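To start, the structure under review is shown below, and the notes come after it.
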Amino acid sequence: MQPEAASTVVITALALGLAAMAAPTRQTKTAILVRGSVGLAGLIAIVIVPTLDLVALIVLALGAAQAGLPGGRTFASRLRAPVFAVGSIALGLIFLRVQGPETLSRFGAVLIVTGLTAAVGLVPFLHTFDPEEPITLSPVAWMAFIGPVLAVVVMSRAKGILVGEGAAMGAILIGLGLVNVVWGSLAAWRSEDGMAAWRYSFMGDWGLALCGLGLVVADGQAAALLVLFSIVLGRLPLYVASRPAVREKSTTDRPINLIVAALLAGSAPFAGFAARLFLLRGATQLFWPLALVLAIAMVLWLPGSLRLGRSLGLPRGWQAVAVGIVVVLNTVIGLYPRPLLFLAGL
Amino acid sequence: MVAAAAGAAFLAWLGASIIVLSDGRRGLALGLAVASAGLAIVAWQSSGPFAAIAVLAGGGAAAFWQDRSGGGAWNVMPAGSTPRTLLCVVAGLLALWVAASVITAPGASQRFAVLVVLALAGGSVLSSDNIWGVRAAAAILALAVADAASLGGSSLWTFAAATIVAIGVSLLPMPKTNAA
């Protein structure tokens, strides 16, 4: 079992508890805990199984299980992305394993990245989104809960198969990452629907994670892992807590809203800031104009994050406790990321 | 051996095409049965009899439950299915080109069978809103993933997992709010 995958699963389990705590009603808490536990079992299986083929089959099983639950979107529309992802990964693995021209192996690497982005639901493979759908049935579950572990496992396993196609995979990851950074951060700011804005903000963070995964230096990998941790431990519980206020379209301007906005924007001293520093350092080592582009793109987070922070409302009771824990954990990870990265084998 | 491999490739293409072209329970069940027979022969040649039995069990069970559920009887090639027919032909030709010409290693028939099922199952899910068709495509995709893994020398666990997923997908209760 890879240490980075194991630590991501542990973080995800912790986030599941926080998300349940932040849920507004008892019914939602139960749904998150029960369905989330099934998802967590799937994630543990993804980490344990020895091959990417088995990982693909577990993704298909998770997608089918989610599509089988009653919800707003059709069965077909919910199963589309997981099936496309599994097909892409399987085709990519065939192309990487067989003898053929070099282009075929590169195409295989591209297909694996395509499969990963389709499973997570990033541009250009956006899942259909219903703002009223419960979070356990929503594409956000793939972005914020299943996606981070899946990305860590797929990337670490794929590196074992890739012989000379690391550069091709890195290039496509960085390209897709930049597209998602710009698309996600702008849409989180400009989108009319509050729920959709949260969903796009996940996409923006994923863009940074893809850029980090694409950088073949240690700082890039550290940045990707920290961004994924901040998605799971920060954005996910805050999204769950904010859903009632977003539905009511109410905004609040209390200090906690500003703190949450800073956390979502990746400001100091939160985890997102450390991730951004690692990312810029890694990009500078590899190709400094990329660091310049990323630094400019990071500014786009501010307006969207202010909007999302205000949409949190004023958390009370267990929600306030959950938001407090999220802020503390993200501050600790932001100030001292090294112990966590050490546990993750970086 | 060569004739069996060619037959398996043809069965896989035919079965996957029937899944793409059918909207009725019997048509989909027939497609699942035929495609899984083709994939089982490929599994036998690459991983032995137990792998073939696993694929046949998964495909057979999925076909059985498909026949017990869903609407219509056969409904193969209903009106307006020209794009789906084209998909079957183009996917077959593309898979044949990649399996036999682009990839230089031996075993073109097995590769064709796997590639064409992956492509057609994926195409079916992407292009159809028929809940039963999507379920059948997901089941055969799981079996094709195991066959694809066997081309790289996978263990029997992959086939066992694929069988469980194929049966599980077929047994899924259909969500009440969107069963149409």
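This is a predicted model, so every value here is computed, not measured. What's counted below: heavy atoms across the whole structure, side chains too, no hydrogens, waters or symmetry copies. Chain letters run A, B, ... following the sequence lines, proteins first and then strands; every chain starts at 1.
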Distance-minimising heavy-atom pair for [X] and [Y]:
X	Y	value
B:V169	A:A64	CG2-CB, 3.8 Å
A:V83	B:G122	CG1-CA, 4.3 Å
B:L172	A:F75	CD1-CE1, 3.9 Å
B:V134	A:A76	CG2-CB, 3.6 Å

Sequence-distant partners of A:E102, salt bridge (charged side-chain N to carboxylate O under 4.0 Å, His left out), two or more places apart: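 By the salt bridge (charged side-chain N to carboxylate O under 4.0 Å, His left out) rule, A:E102 matches A:R106.
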Does B:L141 form a side-chain contact (heavy atoms from CB on, under 4.5 Å) with A:F84? I'd like the steps, not just the answer. CA-CA 10 Å; B:L141 182 87; A:F84 183 76; over 6 Å; no
State the CD1-OG distance between B:I131 and A:S77, to the nearest 0.5 angstrom.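 Interatomic distance, B:I131 CD1 to A:S77 OG, rounded to 0.5 Å: 10.0 Å.
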B:L115 vs A:F95 side-chain heavy atoms within contact, under 4.5 Å: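 The answer is yes; the side chains approach within 4.5 Å.
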For the interface with chain B, which of A:A81, A:P101, A:A61, A:G63 has the highest count of heavy-atom pairs at distances below 4.5 Å?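 Ranked by contacts with chain B, first place is A:P101.
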Could you tell me which of B:A144, B:S128, B:G168 has the largest number of non-hydrogen atom pairs under 4.5 Å with chain A?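 Most heavy-atom pairs within the cutoff with chain A belong to B:S128.
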Toward chain A, the part of B:I103 with a non-hydrogen atom under 4.5 Å: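 Interface part for B:I103: both.
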Side chain / backbone / both / neither for B:V125 at chain A, heavy atoms under 4.5 Å: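 Answer is both: backbone and side chain atoms of B:V125 are under 4.5 Å from chain A.
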For atom CZ of A:F107, decide whether the heavy atoms of other residues, nucleotides or ligands shown that lie under 6.0 angstrom number more than 12.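 12 or below, so no.
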What part of A:L79 is in contact with chain B, defined as an atom under 4.5 angstrom from a non-hydrogen atom: side chain, backbone, both or neither?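 For A:L79, heavy atoms of backbone and side chain both lie under 4.5 Å from chain B.
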Is it the backbone or the side chain of A:L57 that comes under 4.5 Å from a heavy atom of chain B, or both, or neither?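 When you check distances to chain B, atoms from both the backbone and side chain of A:L57 fall under 4.5 Å.
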Which residue is it: B:V98, B:L118, B:V145? I am looking for the one with a side-chain contact (heavy atoms from CB on, under 4.5 Å) to A:L91.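 Going through the options one by one, the only one that passes is B:L118.
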Please list all pairs meeting side-chain hydrogen bond (donor to acceptor under 3.5 Å, both in side chains) that have one or both residues in residues 79-95 of chain A, counting only residues at least two apart or in different chains.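 Output for this query lists A:R80-B:D129.
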